[in-house]
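These notes concern the structure reproduced below.
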Amino acid sequence: MQLVIAEKPSCALAYARVLGANEKKKGYYQGNGYIVSWCYGHLVGLAEPESYDNKFKQWKNVPVIPSRWIYEIKENTRSQFEIIKNLMNHITVDTVINAADAGREGELIFRHVYEMSGCRKPVKRLWLSSLEDSAIREGFENLKDSSYYENLYKSALCRERADWIVGMNMTRFFTVLYNSTKPLTIGRVQTPTLALIVERDRLISSFTREKYYTVVLNCGAFSCESERFSDLGEAESIVKRCNLSHAVVGNIIKEEKKVSPPKLYDLTALQREANRLYGYTAQQTLEALQRLYDNKLVTYPRTDSRFLTEDMADTARSIIDVIKERFDFAKTTENEPNISAVMDNSKVTDHHALIPTANIKTADFEKIITTDKNILYLIAERLLTATAEKYVYEDTKVILDCQGIKFTAKGKIPLNMGFKEIAKAFADYVIKPEDVKADSHRNSLPEISEGRSFAVTAELSEHYTSPPKPFTEDTLLAAMENAGNSDYNTDEAERKGLGTPATRASIIETIITRGYAERKGKSLTSTEKGKNIIKIMPEKLCSSKMTAEWENRLVLISKGQADSETFMKDISDFIKLITETTTAESSMKDFFNEREIIGVCPRCGSKIYEGKLNFYCENKDCSFILWKENKFFSSKKKSITKPVAAALLEKGRVHFKDLYSEKTGKTYEADIILDDTGEKYVNFKMEFPQKSRR
């Protein structure tokens with residue numbers, strides 16, 4: 001009997017149907033020599049610091065660098081874990097098949113469950129890029145030994161443990177260092193990503209607009225423009241000289257230019273385009289993709305490749321035929337696709353680029369929700385444009401002379417629209433007319449010959465320099481993807497970046513959820529809290545370059561080209577260095593202290609805050625405490641509330657009209673006075689109004 005472990009129930013059901021395991025049991029399917037069960041994502045996770053040593057309950061005790069890692073079963077999915085554990089160790093099971101998602105995280109999910117179950121049976125690996133029935137059958141016919149993916153597992157472990165070491169230690173360290181009332185959440189990828197947003201906002205806020213001028217000549221059938229001038233007087237002087245004068249054509253430069261079609265989509269490129277066109281967040285696009293994948297309409301979502309393997313030529317050609325048949329915008333497309341343009345084995349790692357599957361031939365598009373349909377249309381359109389002809393145009397540059405001043409006119413005439421014809425058909429069909437930009441492909445000039453003279457009028461054109469634009473998810477994803485690239489050649493640069501295509505959406509959502517940044521329309525801007533977080537961070541924790549290099553090392557580990565133990569030692573040493581050498585910025589000591597100050601300590605002058613049971617001095621060396629419930633107040637049927645504590649600290653006394661007398665059972669009026677002698681417990685005394693003394 002072979003036991004198949006999927007990452008989630010929907011995948012398990014797809015496998016079970018193809019394998020003939022049609023008998024439904026609690027937590028698994030069975031039949032035809034197979035048992036098919038599933039995880040719910042991560043069933044096993046890293047233990048909390050206090051599991052290593054009770055002293056780590058106190059956040060001040062850092063760094064936490066485990067020498068032996070402890071894992072725990074997640075309580076909310078323990079029942080499913082127990083089902084898988086029993087199945088793995090059942091006498092009838094001789095082989096286990098790891099059918100988790102084909103990627104770094106899927107490998108980790110399965111391996112943790114396998115290890116925690118104490119299973120030692122042989123493991124095979126299923127690796128799919130599509131949930132189509134044919135792909136599943138082919139995948140099960142070509143299982144590989146689990147050892148083939150050992151380096152991928154090492155990379156996944158390093159990613160998980162590095163994130164834990166950085167996030168757990170830095171969050172605790174900076175929360176304590178700055179006396180924050182709420183955790184200051186720091187992350188290996190999250191923090192440098194936030195730093196990108198904060199830096200962009202700083203550039204915008206510090207930007208100073210500068211005015212500049214150009215002179216425009218109206219030549220009748222066309223116009224030409226001068227270079228920029230910063231001096232208004234100089235520009236006005238040229239207007240006067242050139243107005244009602246003549247401009248003579250000097251050089252005419254004509255050049256045929258070609259633009260190659262865009263590449264196929266990987267996850268990040270698709271998220272960027274969906275944000276630009278539809279305003280979808282990266283997370284919304286990923287969720288839509290996952291639904292389309294689960295419904296067998298697109299290939300594996302979390303891919304970082306923009307090419308197909310060379311053995312997929314027939315598949316790509318047949319899917320293009322289906323797109324032309326099923327998608328209205330594509331029905332007029334007649335050009336023979338250039339399949340070779342999207343084929344490159346060297347550019348495909350774990351998964352090939354995103355394309356539709358053959359199932360779109362019979363899919364009922366009316367039943368697909370709008371978001372998912374828009375994403376499916378984008379993927380279909382990109383397969384057509386990526387295999388279409390190049391866009392060819394004639395670029396013309398005309399240099400004119402007027403009163404010794406050079407002016408330039410530019411023109412562009414399409415010679416072959418190529419892939420842009422498909423892109424325009426897609427835009428006309430899918431996008432609202434008001435959202436479609438004017439055709440920028442044509443800007444023709446009349447027939448002009450060198451030496452020809454034109455009567456001209458001149459006018460001044462006033463302009464301002466523009467500040468950088470706020471990040472959108474489109475441009476932030478691009479910045480994350482390209483982080484660290486400038487220091488490496490093009491091929492190397494493909495391995496750099498903050499996070500991975502699979503994680504960037506969740507990183508952005510985490511930054512927003514934690515209140516470090518916010519969405520304003522399509523824009524992403526940092527909050528005051530986010531800006532303050534970056535202010536207190538050491539430069540290296542905010543470094544995109546360093547974090548991108550870490551990510552690159554994880555990729556190299558997965559390929560067996562870097563050592564996992566060295567990587568983890570470097571991470572640990574880095575965290576130790578931060579905790580040993582970083583001190584608090586005194587000017588920002590209270591930036592993250594959201595506690596209400598109740599008053600000033602009468603013993604040491606420090607701030608008094610409210611705790612659950614008391615009002616305490618922030619100075620840990622000071623023993624001053626006002627307990628909310630104490631014998632003196634309780635005997636009078638009173639307690640020290642926040643207003644009472646504030647009055648005692650400010651005035652040294654508080655007046656009551658209804659103090660209870662244990663002797664008489666009646667109430668009376670008096671002042672309770674703070675009579676602190678510096679002993680362990682604070683003392684009180686009473687003072688009665690003159691007329692009420694007895």
Side-chain angles (χ1 to χ4, degrees), residues 42 44-53 55-56 58-72 103-105 107-109 111-112 115-116 147 149-177 184-193 195 483-484 487-488 492 495-500 502-503 507 537-583:
H42 286 277
V44 176
L46 284 165
E48 292 298 312
E50 49 267 33
S51 298
Y52 297 93
D53 192 315
K55 72 177 183 180
F56 292 129
Q58 296 184 32
W59 281 29
K60 66 180 181 179
N61 293 321
V62 291
V64 189
I65 311 287
S67 57
R68 181 183 62 84
W69 291 87
I70 300 174
Y71 286 85
E72 296 176 341
R104 187 170 72 185
E105 210 60 21
E107 193 68 22
L108 192 68
I109 287 169
R111 296 280 191 125
H112 282 337
E115 293 294 331
M116 288 292 283
S147 60
Y149 297 94
E150 193 63 26
N151 288 325
L152 182 66
Y153 173 52
K154 289 179 180 178
S155 172
L157 273 181
C158 286
R159 193 282 310 158
E160 177 187 53
R161 293 172 178 179
D163 283 355
W164 191 93
I165 288 174
V166 175
M168 189 68 71
N169 283 290
M170 294 298 88
T171 294
R172 289 175 167 228
F173 177 71
F174 285 100
T175 298
V176 172
L177 188 64
L184 300 180
T185 309
I186 313 301
R188 180 180 65 88
V189 181
Q190 170 197 306
T191 301
T193 302
D487 299 306
Y488 303 88
E492 282 285 318
R495 300 194 223 128
K496 305 294 168 183
L498 292 176
T500 66
T503 61
I507 291 163
M537 287 296 108
E539 184 178 347
K540 284 191 173 181
L541 271 175
C542 298
S543 170
S544 295
K545 179 180 176 181
M546 185 186 71
T547 307
E549 179 56 37
W550 283 349
E551 196 64 54
N552 181 52
R553 289 176 68 182
L554 290 172
V555 173
L556 295 178
I557 289 168
S558 72
K559 295 180 177 182
Q561 298 172 8
D563 180 62
S564 58
E565 291 184 5
T566 302
F567 174 82
M568 290 307 302
K569 182 180 184 303
D570 290 346
I571 293 287
S572 299
D573 289 347
F574 171 76
I575 293 304
K576 289 175 183 176
L577 180 66
I578 295 290
T579 56
E580 290 169 1
T581 61
T582 304
T583 56

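Numbering starts at 1 and runs along the sequence shown. These values consider heavy atoms only, across backbone and side chains, with no hydrogens, waters or symmetry-generated copies.
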Between [X] and [Y], is any pair of side-chain heavy atoms under 4.5 Å apart?
X	Y	result
M568	I65	no
L498	E551	no
S558	R104	no
I557	N151	no
T500	R159	no
M546	F574	yes
E48	M168	yes
F174	T582	yes

What is the distance from atom [atom1] of [X] to atom [atom2] of [Y], rounded to the nearest 0.5 Å?
X	Y	atom1	atom2	result
L108	Y153	CG	OH	6.5 Å
W550	D163	CH2	CG	9.5 Å
M170	I575	CE	CD1	4.0 Å

Within the side chain of [X], is there an N or O that forms a donor-acceptor pair under 3.5 Å with the backbone of [Y]?
X	Y	result
Q190	T185	yes
S155	L554	yes
T191	C542	no

Which atom of [X] lies closest to which atom of [Y], heavy atoms considered:
X	Y	result
L152	G103	CD2-O, 3.9 Å
F173	V62	CD1-CG2, 3.8 Å
A162	F567	CB-CE2, 3.9 Å
M537	I186	CE-CD1, 3.6 Å
S564	C158	CB-SG, 3.4 Å

### Task
Quickly, which of V64, N169, I70 forms a side chain to side chain contact (heavy atoms under 4.5 Å, CB included) with P49? Name it, please.
V64
### Query
With S572, which of L577, I165, V166 fulfils side chain to side chain contact (heavy atoms under 4.5 Å, CB included)?
I165
### Task
Check the pair R172, E50 against salt bridge (charged side-chain N to carboxylate O under 4.0 Å, His left out), reporting the backbone distance first and the verdict last.
CA-CA 13 Å; R172 289 175 167 228; E50 49 267 33; 3.7 Å; yes
### Query
Quick one: salt bridge (charged side-chain N to carboxylate O under 4.0 Å, His left out) pairs with a partner in residues 562-574, sequence neighbours left out?
R553-D570, K569-D573
### Message
Could you check whether R111 pairs with E107 (Lys NZ or Arg NE/NH1/NH2 to Asp/Glu carboxylate O, under 4.0 Å)?
### Response
yes
### Task
Report the C-alpha distance between H42 and E160 in whole Å, list the side-chain angles of each, state the deciding distance to 0.1 Å, and finish with yes or no for side chain to side chain donor-acceptor pair (under 3.5 Å).
CA-CA 12 Å; H42 286 277; E160 177 187 53; 5.2 Å; no
### Query
Would you call the rings of W164 and W69 parallel, tilted or perpendicular, where under 30° means parallel and over 60° means perpendicular?
perpendicular
